[in-house]
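Before any comments, here is the structure.
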Amino acid sequence: MSTFKDIYQQSLADPDSFWGSAADELHWYKKWDKVVDNAAKPAPRWFIGGELNTCYNAVDRHVESGRADQTAIIYDSPITDQQRKISYSELQEQVAGFAGVLASHGAKKGDRVILYMPMIPEAAIAMLACARIGAIHSVVFGGFAAHELATRIDDAKPDIIVTASCGIEPGRVVEYKPLLDDAIDQASHKVSRVIIKARPQAEANMIDGRDFDWDAAMADSEPADCVSVSATDPLYILYTSGTTGQPKGVMRDNGGHAVAMHWTMKNIYNIDAGDVYWAASDVGWVVGHSYIVYGPLLKGCTTIMYEGKPVGTPDPGAFWRVINEHGVRVLFTAPTAFRAIKKEDPDGEYLAKYDLSCMESLFLAGERCDPDTLFWARDKLQKPVVDHWWQTETGWAIAANPLGIEAMEVKPGSPTVAMPGYDVQVLSEEGEQMADGEMGNIVIKLPMPPSCLPSLWGNDQRFIDAYLSKYDGYYLTGDAGYKDADGYLWIMSRTDDVINVAGHRLSTGQMEEVLSGHADVAECAVIGVADDLKGQMPLGLIVLKAGVDRDEADIVKELVKRVRDQIGPVAAFKMAKVVKRLPKTRSGKILRGTMVSIADGKEWKMPATIDDPVILDEITEALQALGYAK
Ligand code: COA
Ligand code: AMP
C-alpha cells in the first residue's frame, strides 16, 4: 500500500494521472480531452472538453446503481421538533420536479438562481435542481441582511430567487419575505420570479405575478432531466468576505468540483458509500455546499441537514443525540461549536448519556483550532480529532490529516500537512522561501487542484489582483503562518481584514464602511479581538465628527443596529467605544494590528513609524472599559 507521502508526491509529479483516475470514478457524458490546462487564463482549468452533470452523479447515478431506497438526506430539526428521511429515489423525484419548476419559469443552462434558504431539505433540493439543468446557484446565508442580499443580486443578476417563508433561530422566527422584498427593492437588477417554500411558522406575503408557492408549483411540475454541461461550466457562485463591502463571488466548476468532492470523502474523511456523514454547518457556507450537499451525495452517503445549534436545542447533548440516533460515522463542525458545548457541559455529562460507538472521527475547520478545544474533544470523545484548514476559495481542505489514506501524527494547533494537489509554500514579502519555522505568507503554487476557484464571477481582474498578482505563479491564501521541519503547516492569522467569528468569515473593512456611513462618525477602525467562545469578536473604535456631543451610549446603539441592519445579525457586532483619535503611522495607516495585540493582552512593540505614541494609552483605556487589554 502506498503511504500518504508517495500519494502526495504523485499528485504533484503527475497531476494528469492522479486526478484523471479520480475522475474515472464518476459518470461523464463525454470524457475530457485534457486533465489540466495550465495555460488557461486567468488560472489553470481542469477536465477540458469533458461533459458531465453534477446532479446526475450525486443523485440519479445512485438510484440506478442500487441505492434507490437508501436514505440520502436526514432532516433533523430540534428547533421545530421535526424529522424527515428522504431516500435517493425520492430525492431524484423531488429534484427533477423542482428542476421542472425552474425550467417552467425560464431557467436554463448558465442562468443564475439565488437561493436564500434556511436549513431545510428544500435548500439542497433547489441546489441540485439548478445543477440538473445547468443553472448556476448562489446560496445566500440566512443570517445576512437585505443589503447583503441586494449586493449579491446585483452581482449575480439572477432572474429567479428561491426562498422560504422563514428561518428559525432560538427564540425568534426570522421572516425572510420582508428581507427579500427589501433586497429586491434595493437592488438595481430586477428579479422577475420568486419561488417560496411556505413554512408553518410564518406566512409570506405573496406578490401576484412575481411570487410563486413551492408546493403548488411542484404539484403541476413536469420533471426535468439532467443536461450535459462542460466540466468548466460553473456549478455555483458563493460570495465570501474580502477586504471591502463588495463580497467576492467565488466560482466553482462542475467537473473539478465533483472529482475533488468525491475523492475527499474516502481519502480524507475515510467515508464509504452508505455511511452516514454529518457536517453541522449551514448550506449558506462553503462547508455546507461541500459537505452537507455535494461531497456526501456524490459518494452515495446519507447526509444530515441539522436545523439546530450545538447548545440550547434543547441542551449541550444535542450533537450526541444526533450522532447516536442516526449512526453518524464522521462529524464535521467548527471548533466554536465545541467551545459552546464545553462551556455548558465541561465534564461531558450529557455526552456520557449517549452511545457514540458508531462515530469514527471528528473533523474541525473554519477557524484555527485551539489546542484546548482539541484536547477536550479528544478526551471526551475518545476518537481521533482532525483539524483541517481550507477556504471558500478552495472548496476542500488544503491541509488535513488524511484518515482514509494514513492517519498521521497529530500536532495540536496544526492542521497537519498539505493535501494532494496543493503545493503549499511560505514566502517572505519579497517572495523568498521562508526557512522551516519562520512565519510568512502562505501561498499555493499553480495549478491548484480541482475544485479551487478558476476566477471570481464576472471579475477576472479582481481575482488576479486579490490572489495572483502578489507572487507570479502562486495563489495568495490570505493566511500567514509557517511550515515546520516535518512539513506540518501552522496557520496563525489572516494578512487582510478578514476575521472569523464563530467560524463565520467576516470583513472588518466592510463593517468600517457601514460605521463610516453614520452621520456622526468621522473615522473608525474595527478590529477582531480574541473571544473564548467565538474565537474572535468585532470591536469598533470610533472617532466622532467635531462638534458632535451626543450621548455615547446612543451613538453606540445606533452603530450596532446599523451593522445588524446592513450586514446582518451574523456579524455579531455588539461592541464599540468612542475615542478621540486612532493610532496611525506617519503615513496615515491605522495601526490595527497593534490595537489587536493590546486588546488581547499580548506582548507588543511600539511601532517605529507611529505618529503619536500617547494615543495608544487612550486606546488601552478604551479597550479596558470594554473588558479587554487586561
Ligand atoms: N439566520 C438568521 N440569523 C442567524 C442565522 C441564520 N441562519 N445564524 C445565526 N444568526 C444570528 C444568531 O441568531 C445571532 O443573533 P443574535 O445576535 O440575535 O443572538 C447572530 O446571528 C450571531 O450568531 P452566531 O455567531 O452563530 O452566535 P450564536 O450565539 O447564535 O451561536 C454558536 C453561537 C457557537 C452556538 C454558533 O455560532 C454555532 O453553532 N456555530 C457552529 C459553527 C458553524 O456553524 N460554523 C459554520 C462554518 S463550519
Ligand atoms: P472560509 O472561507 O469561511 O472557510 O474561511 C477561510 C479562512 O478561515 C481561512 O483562510 C483561515 O483564515 C480560516 N481557517 C479555516 N480553517 C482553519 C483552520 N483549520 N486553521 C486555521 N484557520 C482556519
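Order of appearance sets the numbers: ligands from 1, and atoms from 1 within every ligand. For the numbers below, each heavy atom of this structure counts, side chains included, while hydrogens, waters and symmetry mates do not.
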Query raised in the report: Relative to ligand 1, is H504 under 4.0 angstrom through side chain, backbone, both or neither, heavy atoms considered?
Result: side chain
Query raised in the report: What do you reckon, does G366 have a nitrogen or oxygen under 3.5 Å from a nitrogen or oxygen of ligand 2?
Result: yes
**Report entry** NZ/NE/NH1/NH2 to OD/OE distance under 4.0 Å, R494 and E367
**Finding:** no
Requested in this report: Would you mind checking which non-hydrogen protein atom is closest to atom 46 (C) of ligand 1, with the distance to 0.1 Å?
Outcome: S281 OG, 3.6 Å
Requested in this report: Please verify whether a non-hydrogen atom of G478 lies at under 4.0 Å from ligand 2.
Outcome: no
Report summary line: Given the options V250, T392, T240, L453 meets side chain to side chain contact (heavy atoms under 4.5 Å, CB included) only with V250
Report task. Identify the protein heavy atom lying closest to atom 19 (O) of ligand 1, giving its residue, its atom name and the separation to 0.1 Å. Result -> K574 NZ, 4.1 Å
Query raised in the report: Considering only the protein, which heavy-atom contact is closest to atom 24 (P) of ligand 1, and what is its distance?
Result: K534 NZ, 3.6 Å
Query raised in the report: Donor-acceptor pair, Y291 side chain versus A280 backbone, under 3.5 Å?
Result: no
Query raised in the report: Which is it for V498 and ligand 2 at heavy atoms under 4.0 Å: side chain, backbone, both or neither?
Result: neither
Report task. Go through ligand 1 atom by atom and flag the ones less than 4.0 Å from a non-hydrogen atom of W285. Result -> 46 (C)
Requested in this report: May I ask you to check whether Y467 and E393 show a side-chain donor-acceptor distance below 3.5 Å?
Outcome: yes
Report summary line: A student checking ligand 2 against R494 at a 4.0 Å heavy-atom cut-off should list atoms 9 (C), 10 (O), 12 (O)
Query raised in the report: Quick one: nearest non-hydrogen protein atom to atom 5 (O) of ligand 2, plus distance?
Result: R505 CD, 3.5 Å
Report summary line: A student checking ligand 1 against V287 at a 4.0 Å heavy-atom cut-off should list atoms 48 (S)
**Report entry** For V570, atoms of ligand 1 separated by under 4.0 Å from a heavy atom
**Finding:** 21 (O)
Requested in this report: Could you find the nearest protein heavy atom to atom 15 (O) of ligand 1 and give me its residue, atom name and distance?
Outcome: R172 NH2, 3.1 Å
Query - Structural part of T392 in contact with ligand 2, heavy atom criterion under 4.0 angstrom - result: both
Requested in this report: For the pair M119 and I292, evaluate side chain to side chain contact (heavy atoms under 4.5 Å, CB included) and give the outcome as yes or no after the intermediate values.
Outcome: CA-CA 10 Å; M119 279 292 289; I292 295 174; 3.8 Å; yes
**Report entry** Student check: side-chain heavy atoms of T303 and V293 closer than 4.5 Å
**Finding:** no
Query - Shortest protein heavy-atom distance from atom 40 (N) of ligand 1, along with the residue and atom involved - result: T336 CG2, 3.7 Å
Report task. For R368, take its heavy atoms, then give the atoms of ligand 2 lying under 4.0 Å from any of them. Result -> 20 (N), 21 (C), 22 (N), 23 (C)
**Report entry** Modelled atom types, side-chain donor and acceptor of H326 and D76, under 3.5 Å
**Finding:** yes
Report task. Please assess T416 against D387 for the test side chain to side chain contact (heavy atoms under 4.5 Å, CB included), listing each intermediate value before the final yes or no. Result -> CA-CA 8 Å; T416 321; D387 173 19; over 6 Å; no
Report task. For atom 13 (C) of ligand 2, find the nearest protein heavy atom and state the residue, atom name and distance (0.1 Å precision). Result -> N500 ND2, 3.5 Å
**Report entry** Expected output: side-chain W376 to main-chain P346 donor-acceptor under 3.5 Å
**Finding:** yes
Query raised in the report: Taking the side chain as C-beta and beyond, is there a heavy-atom pair between F4 and V417 under 4.5 Å?
Result: yes
Query raised in the report: Distance under 6.0 Å and angle within 45° of the ring axis: does R329 meet both against Y269?
Result: no
Query raised in the report: Of all the non-hydrogen atoms in the protein, which one sits nearest to atom 6 (C) of ligand 2, and at what distance?
Result: W390 O, 3.5 Å
**Report entry** Pairwise side-chain contact, M492 with M439, heavy-atom cut-off 4.5 Å (strictly under)
**Finding:** yes
Query raised in the report: In the protein, what heavy atom is nearest to atom 30 (O) of ligand 1, and what distance, to one decimal place, separates them?
Result: K309 NZ, 3.8 Å
Report summary line: One finds that the ligand 2 atoms under 4.0 Å from a non-hydrogen atom of Q391 are 2 (O), 4 (O), 6 (C), 10 (O)
Report summary line: For G503, the ligand 1 atoms with a heavy-atom partner under 4.0 Å come out as 47 (C)
Requested in this report: Write out the residue and atom name of the closest protein heavy atom to atom 18 (C) of ligand 2, then the distance separating them to 0.1 Å.
Outcome: E367 O, 3.3 Å
Query raised in the report: Of M119, E307, E367, E169, which has the heavy atom at the shortest distance from atom 4 (C) of ligand 1?
Result: E169
Requested in this report: Below 4.0 angstrom from a heavy atom of I491, which ligand 2 atoms are there? Numbered from 1 as shown, please.
Outcome: 21 (C), 22 (N)
Query raised in the report: Can you tell me which residue and heavy atom of the protein come closest to atom 37 (O) of ligand 1, and the distance to 0.1 Å?
Result: A502 CB, 3.4 Å
**Report entry** Where ligand 1 meets G143 - atom numbers and elements under 4.0 angstrom, heavy-atom basis
**Finding:** 1 (N), 2 (C), 3 (N), 4 (C), 5 (C), 6 (C), 7 (N)
Query raised in the report: Between Y176 and ligand 1, is there a nitrogen or oxygen pair with a distance under 3.5 Å?
Result: no
Query raised in the report: Of the protein's non-hydrogen atoms, which lies at the shortest distance from atom 9 (C) of ligand 2, and what is that distance?
Result: D479 OD2, 3.3 Å
Query - D497 backbone acceptor or donor facing T508 side chain under 3.5 Å - result: yes
Query raised in the report: Are any of the heavy atoms in P310 under 4.0 Å away from ligand 1?
Result: yes
Report task. May I ask you to list the atoms of ligand 2 that are less than 4.0 angstrom from any heavy atom of H388? Result -> 16 (N), 18 (C), 19 (N)
Query - Heavy atom of the protein closest to atom 22 (C) of ligand 1 (residue, atom name, distance) - result: P569 O, 3.6 Å
Requested in this report: Determine whether R592 and S597 make a side-chain contact, defined as any pair of heavy atoms from C-beta on separated by less than 4.5 Å.
Outcome: no
